Structure formats: structure tokens, C-alpha cells
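Working notes, beginning with the structure itself.
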Amino acid sequence: MTSLSLPLRVSSKGLTREEKLKKSLDASVFLILTTPQFSTPADPQFGFVFNNLRFEIFNENEGVVYDSGDTKSMDGLQGIYDKKISGSSKSINTFASELKDAVIKYEHRLEEVSVSMTYIREERQIYITVKGVIVSTKENYVYKQTIRVWN
């Protein structure tokens, strides 16, 4: 019996395992980053909580998210509105620490993970950098992505 590990790639021969490690890691981190937490029935904790806040109030001057009043769907996430957008995963009071925790939990091919997020008000963009070391090759890994803010 042949088994396939995630992530997968569709090819002319059917489903195959993605062989390019950097590309595979990028796809995995992108999936974590763009999946709202609590949206995956198989594992409700999978994803990044920041995407659950799309309908909350985003204060562009301060670069923070405010509670719009209905937090029933966010049970168990007390303190989420105290977190800062800009910062690094060294501080537990940033969304970068939330993303770092998710990457560590779901991407076991990386170690020594660190995350930084920078909100650029003029561009209305959040710049995200995920760094780590690939466990199997001991190579440095860097992933960069931007998220456009809402309002």
C-alpha cells in the first residue's frame, strides 16, 4: 500500500506528494495563514485567528482590532482584542505569536519558528514574515506574505 503525505499536488499521473520542499512549506504556511480558525470541522483549531476578525472594527490609526460586540463565536479567545497587529512572536501580545503557535502546531517540518507582522498604514497592508529552520535539511526557511486590511 502506498501512502501520500500532505501537501499534495495534482499532476497528469494523479495525486502525488509535492517534492519541492520550499514550495510545499510555502503552501502549508499559506493554508494556515489564510484559513479562519474554527472553519475546519476535522480540526477546528486549524488556521489563523486573525481571519476570524474580518467583520470587526479595524482601527487604521492604531493598527488594532476592536470588538464589535458579538463574541459568542469566539469563545475561548479572551484577550484576542488586546493583541497588536505589528510586532514579533517574541511578545505574546501580538497576532504574530498566534501565527507562530499555529505554524509550530501544524508544520512539523520547521523548527526555531519566528514570525513578525508589520502594519503599514499608508499601504493598508500587513507584511508577514515567517522564519524557521527546515528540520530535514537544516536550511533556513523564509516565507513572506501580505494581507490587505479591511474597512
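Owing to the predicted nature of the structure, the values given are computational and were not obtained by experimental measurement. If you read the sequence from its start, that first residue is 1, and numbering goes on from there.
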Enumerate donor-acceptor pairs with a distance under 3.5 Å from any side-chain N or O in residues 132-139 to protein atoms, sequence neighbours excluded.
| unit_1 | atom_1 | unit_2 | atom_2 | d |
| --- | --- | --- | --- | --- |
| T137 | OG1 | E139 | N | 3.3 |
| T137 | OG1 | E139 | OE2 | 3.2 |
| K138 | NZ | E111 | OE2 | 2.8 |

Least distance between heavy atoms, [X] atom then [Y] atom:
X	Y	value
A96	S88	CB-C, 3.6 Å
E123	R148	O-NH1, 3.5 Å
S91	S97	O-CB, 3.3 Å

As an exercise, state the distance from [atom1] of [X] to [atom2] of [Y], rounded to the nearest 0.5 Å.
X	Y	atom1	atom2	answer
S28	R109	OG	CZ	5.5 Å
D101	F48	CG	CZ	10.5 Å
D43	K105	CG	NZ	5.5 Å
Y143	E107	OH	CD	12.0 Å
I128	T146	CD1	OG1	8.0 Å

*More than 12 non-hydrogen atoms from neighbouring residues, nucleotides or ligands closer than 6.0 Å to NZ on K22, yes or no?*
yes

*CD1 (I92) with more than 12 external heavy atoms under 6.0 Å*: no

*Side chains of Q125 and Y127: donor-acceptor distance under 3.5 Å anywhere?*
no

*Residues in ring pair (Phe, Tyr, Trp, His ring centres under 6.0 Å) contact with F46, at least two apart in sequence or another chain*: Y106

*L25, L110, L33 screened by side-chain contact (heavy atoms from CB on, under 4.5 Å) with V103, the one that passes*: L110

*Does S89 reach the main-chain N or O of V115 with its side chain, forming a donor-acceptor pair under 3.5 Å?*
yes

_Walk me through whether M117 and T94 qualify under side-chain contact (heavy atoms from CB on, under 4.5 Å)._
CA-CA 9 Å; M117 296 176 75; T94 64; over 6 Å; no

*Would I126 and I120 show up in the same hydrophobic cluster when neighbours are defined by side-chain heavy atoms closer than 4.5 Å?*
no

*By side-chain contact (heavy atoms from CB on, under 4.5 Å), which residues pair with T129, not counting sequence neighbours?*
S116, K131, V142, K144

